[in-house]
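Notes to accompany the following structure.
Below, chain A is the first sequence line, B the second, and so on; all start at residue 1.
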Protein chains: 2
Amino acid sequence: MLTYDLEARGPLARYDYLYQCIKEDILSGRLRAGEKLPSKRALAAHLDTAVVTVETAYAQLTAEGWLQAEERRGYFVSAVEVRPQTGEVSVPSEEEQERSWLLDLGGGGGGTEGFPFSLWAKLTRRVLTERGEALLRALPHSGAPELRRALARHLYTFRGIQARPEQIVVGAGTEYLYNLIVQLLGREKVYGLEDPGYAKAERVYRLNGARCLSLPVDSQGVPLEALEEGLDVLHISPNHQFPTGVVTPIARRQGMLRWAAGGGYIIEDDYDSEFRFTGRPIPALQSIDRGERVIYVNTFSRSLAPSLRIGYMVLPQTLVGAYREKLGFYSCTVPAIEQYTLAAFLEEGRFDAHISRMRTSYRSQRDAILRTIRSSPLGGRCRVLREEAGLHFLLELDTGRGDGELARLAAERGVRLSFLTDFQRAEGRAEPHTLIVSYPGLDPEQLSRGLEQVAGLL
Amino acid sequence: MLTYDLEARGPLARYDYLYQCIKEDILSGRLRAGEKLPSKRALAAHLDTAVVTVETAYAQLTAEGWLQAEERRGYFVSAVEVRPQTGEVSVPSEEEQERSWLLDLGGGGGGTEGFPFSLWAKLTRRVLTERGEALLRALPHSGAPELRRALARHLYTFRGIQARPEQIVVGAGTEYLYNLIVQLLGREKVYGLEDPGYAKAERVYRLNGARCLSLPVDSQGVPLEALEEGLDVLHISPNHQFPTGVVTPIARRQGMLRWAAGGGYIIEDDYDSEFRFTGRPIPALQSIDRGERVIYVNTFSRSLAPSLRIGYMVLPQTLVGAYREKLGFYSCTVPAIEQYTLAAFLEEGRFDAHISRMRTSYRSQRDAILRTIRSSPLGGRCRVLREEAGLHFLLELDTGRGDGELARLAAERGVRLSFLTDFQRAEGRAEPHTLIVSYPGLDPEQLSRGLEQVAGLL
């Protein structure tokens, strides 16, 4: 006779649990097609439950086709396909095939060290308790008002940005927001991007069918001469350009805003402005824009954790109406729990405290890595550049070898090198012989051994 | 002297909390530009803490520019802009301006009734505890393997779909997934959509620059003759068409698959297949597709809660490689916590149990609403259609008035009516005089009063 422990049913009703158990046994093949089930009365007695419980379970199973009822004869298991081994035989996916390195200078660190997980978990639990079922209601398309208000205050304190909560749009990461931006501004527009630069932004624009121009980067960012006619939208990271680390000075910023005043838009990607070690933070370009031409974009993936898909953008006031009309039908892509947790994290000063702590931690990590480099065999044959901000710096190598050759030779020795030239789209746009060192999480011991290998290759 | 309760610091370090307090006072204007702060020693004594605590707080504030240190004179508040009233003066947003109705037949119900919130919250808490910091790591672009395996098993049991976890892509809602689909299949393709139909899908395709054709819907769904030359991708809901409720029978499904075998793709939108009250669930079109031409799309927004932005699609095996190459660079848009919580919810049979319960609940809600309609003054002048599945049914009215006129007159009486014709794009595509009744959450009392009003208008 079928034996199930009805006490193990958890929050399920008895009949529901019994229904699940029998279905599971049919699917797994333990109950076979054509097999006769015990009578309702017999099974109820055996399981010490009411006949109506078994009756309801059998009725549900029959309605869904798992059982067939034959008059006066009883219930029989239907012929259904038994569950295949879906999911058990798994081909290695591309993410599992990733190589592990002795040393990865180009970004091995996960970037989650130092994240106050237990505090975040505590806030999440509190949000679950305090908000309860209200968490289930759909949120406004641009995000929870509480979070947008907290972001507005945060942006003012941190970045000098004066934004009304209505100008802020919360979305599942910056890549998603770039998609929205193209849909807002139009795919017939020409988008200019820094070269070398962040490749994903250009991929998103191209996937959306927009034409992209690749713009040079000099020691102050994109030169004004490059904002030639035919460019409609300028996508830049003026506060810490990736990967060169260049900061665009005020005079050039003003020039860019003058250009935009002629009908262009600037997308300001402020991806790691939180981590500046020397002097005051660089004010956002948006904060000096008087012409409503800058769309400011930032994310918490880098300042908190990569798995936290929360990005946001600040639209110019003049675009808020068009956004609502064109894209306001989209549902907000970030779940309510994360939005309220982040709002509390910001409002209670936890984010500021986290960033202060991380700034100190990164500064000392960076210093340790710089000491290791200087005392290594490579020390005499390289120059450190742009170490005053962000989570990477540059290392100019004194070598005659090409970047591709060096990368290949180093890879054979287990060291992954990442060069500025890896991020260029047009030949000659990036300085050669310049390594990008992404230092968070680098182990000085491993670095020391890796650098010895590299020094031998120059 | 500045007085702060260091015992109220929560998990923050003393210096960090003190730093926050002083910064807050500067921002709020309580500490004014030029004001001198107490000496480190004096403040430490006043707050009963170590001198080093105050020293560290002052150093941080000085580094960030909130204070200025003057040699031998002490610390002074810098001239910074005091916080504006951002967020306090809030213009009413469009979502706050929404009208409230005496009766809303077109979808007033929030759809969150019956969601097992406390169970979901419990699972979320468990995921936080069990997975801990591992939740912070970035997930594969197509979603957590655990969730994709759970979905594969669920799809097999529930919908007869045989899918490997590698074919599944998890994303923040179906609208987001439609964006990905256009980027995968190409915007130069022509997309055919049901008319009347779900308007958002077409909006997304159009925003992506794709050409859309509007296809008629007869009593079996889109007729095969409508799959004329020039159509590349067919977007349909064959298991319960929205809004007509039509189910496409097997013969026509086979015809659609034959059409697709010639090079087309079918996007199967299975948005509310969970709720069928009579007979077996309709097997998904994907489950009989032998030619790898169907992309299956579904969401948990309707079966669980609208604020839960988790959708997924099942790609044909033959598109998995192209997807990885073209779109694999995107980060997954659903946070890790939600993904693991949903995986547990599915694996432990909670979703099945929830759906069974809701099916029963919806069936009795529907029956109560149908009884109310039949016994109302409208009872003799309408015919109920397509009540055997889904969260809405149709009500054919015996009236000479046009739909627009009726809707306007009813609105004046506080009743919101929604007609099939509201969902048509081309004139004459939808039957006139046919109301859509979205019944979850409708109150029979209110309905009764509302129907009296409507009956008086026919």
Side-chain angles (χ1 to χ4, degrees), chain A residues 11-12 16 20 27 64-65 83-84 86-87 90-91 93-95 110 112 115 117 119 121 124-125 128 132-133 135-140 149 152-153 156-157 162 165-166 172-173 175-176 179 183 187 200 203 207 209 280 305-309 324 329-331 333 335-336 338 349 352-353 356, chain B residues 11-12 16 20 27 60 65 83-84 86-87 90-91 93-95 110 112 115 117 119 121 124-125 128 132-133 135-140 149 152-153 156-157 162 165-166 172-173 175-176 179 183 187 200 203 207 209 280 305-309 324 329-331 333 335-336 338 349 352-353 356:
Chain A
L12 293 185
D16 212 354
Q20 300 285 351
L27 264 177
E64 294 189 15
R83 176 186 294 150
T86 320
S90 161
V91 293
S93 65
E94 82 273 43
E95 47 270 7
T112 68
F115 178 81
F117 179 75
L119 173 61
T124 303
R125 291 190 170 92
L128 282 169
E133 310 224 342
L135 288 172
L136 302 176
R137 282 199 289 271
L139 290 172
R149 281 199 289 269
R153 276 191 279 265
Y156 179 71
T157 322
Q162 300 226 20
E166 290 73 24
E175 299 157 10
Y176 173 68
N179 276 292
Q183 295 182 10
R187 72 193 66 260
K200 282 193 178 185
R203 280 188 89 163
L207 274 169
R280 305 257 355 225
S307 74
L308 207 72
R309 305 310 305 168
R324 276 189 192 168
F329 76 95
Y330 275 123
S331 303
T333 43
E338 270 75 11
D352 294 21
S356 299
Chain B
L12 291 184
D16 213 355
Q20 301 284 352
L27 264 177
Q60 180 74 30
R83 178 186 294 149
T86 319
S90 162
V91 294
S93 63
E94 83 274 41
E95 49 270 1
T112 68
F115 178 81
F117 179 75
L119 174 61
T124 302
R125 292 189 168 93
L128 282 168
E133 312 225 342
L135 288 171
L136 303 175
R137 282 199 290 272
L139 290 173
R149 280 199 290 269
R153 276 191 280 266
Y156 179 70
T157 320
Q162 298 225 21
E166 290 74 23
E175 298 156 9
Y176 173 69
N179 276 292
Q183 295 183 9
R187 72 191 68 259
K200 281 194 179 184
R203 279 187 89 162
L207 274 169
R280 302 243 14 211
S307 76
L308 206 71
R309 304 311 304 165
R324 277 189 190 167
F329 75 95
Y330 275 122
S331 303
T333 42
E338 271 75 10
D352 294 20
S356 299

| Do A:Lys200 and B:Phe329 touch side chain to side chain, with heavy atoms closer than 4.5 Å? | yes
| message | I need the A:Arg309 CZ to B:Glu338 CD distance, nearest 0.5 Å. | response | 13.5 Å
| said: At a 4.5 Å cut-off on heavy atoms, which part of A:Asp352 comes close to chain B: side chain, backbone, both, or neither? | reply: both
| field | Straight-line distance of A:Leu136 CG to B:Phe115 CZ, nearest 0.5 Å | value | 5.5 Å
| query | When only pairs under 4.5 Å are counted, which of A:Gly209, A:Ser331, A:Gly173 shares the most heavy-atom pairs with chain B? | reply | A:Ser331
| By a 4.5 Å heavy-atom criterion (distance strictly below it), what part of B:Arg187 contacts chain A: side chain, backbone, both, or neither? | side chain
| Can you tell which of A:Gly349, A:Pro335, A:Ala172 has the highest number of heavy-atom pairs within less than 4.5 Å of chain B? | A:Pro335
| field | A:Gln20, part contacting chain B, at a heavy-atom distance under 4.5 Å | value | side chain
| query | What option among B:Thr124, B:Leu135, B:Leu139 has the most heavy-atom pairs under 4.5 Å with chain A? | reply | B:Leu135
| message | To check you understand the geometry: which heavy-atom pair defines the closest contact between B:Asp16 and A:Ala353, and what is its length? | response | OD2-CB, 3.5 Å
| Hey, what do you get for CG (B:Asn179) to OH (A:Tyr330), rounding to the nearest 0.5 Å? | 4.0 Å
| said: Is it the case that the side chain of A:Glu133 and the backbone of B:Phe117 share a donor-acceptor pair, with hydrogens and angles ignored and the cut-off at 3.5 Å? | reply: no
| query | By a 4.5 Å heavy-atom criterion (distance strictly below it), what part of B:Leu128 contacts chain A: side chain, backbone, both, or neither? | reply | both
| Checking heavy atoms, do the side chain of A:Leu119, its backbone, both or neither come under 4.5 Å from chain B? | side chain
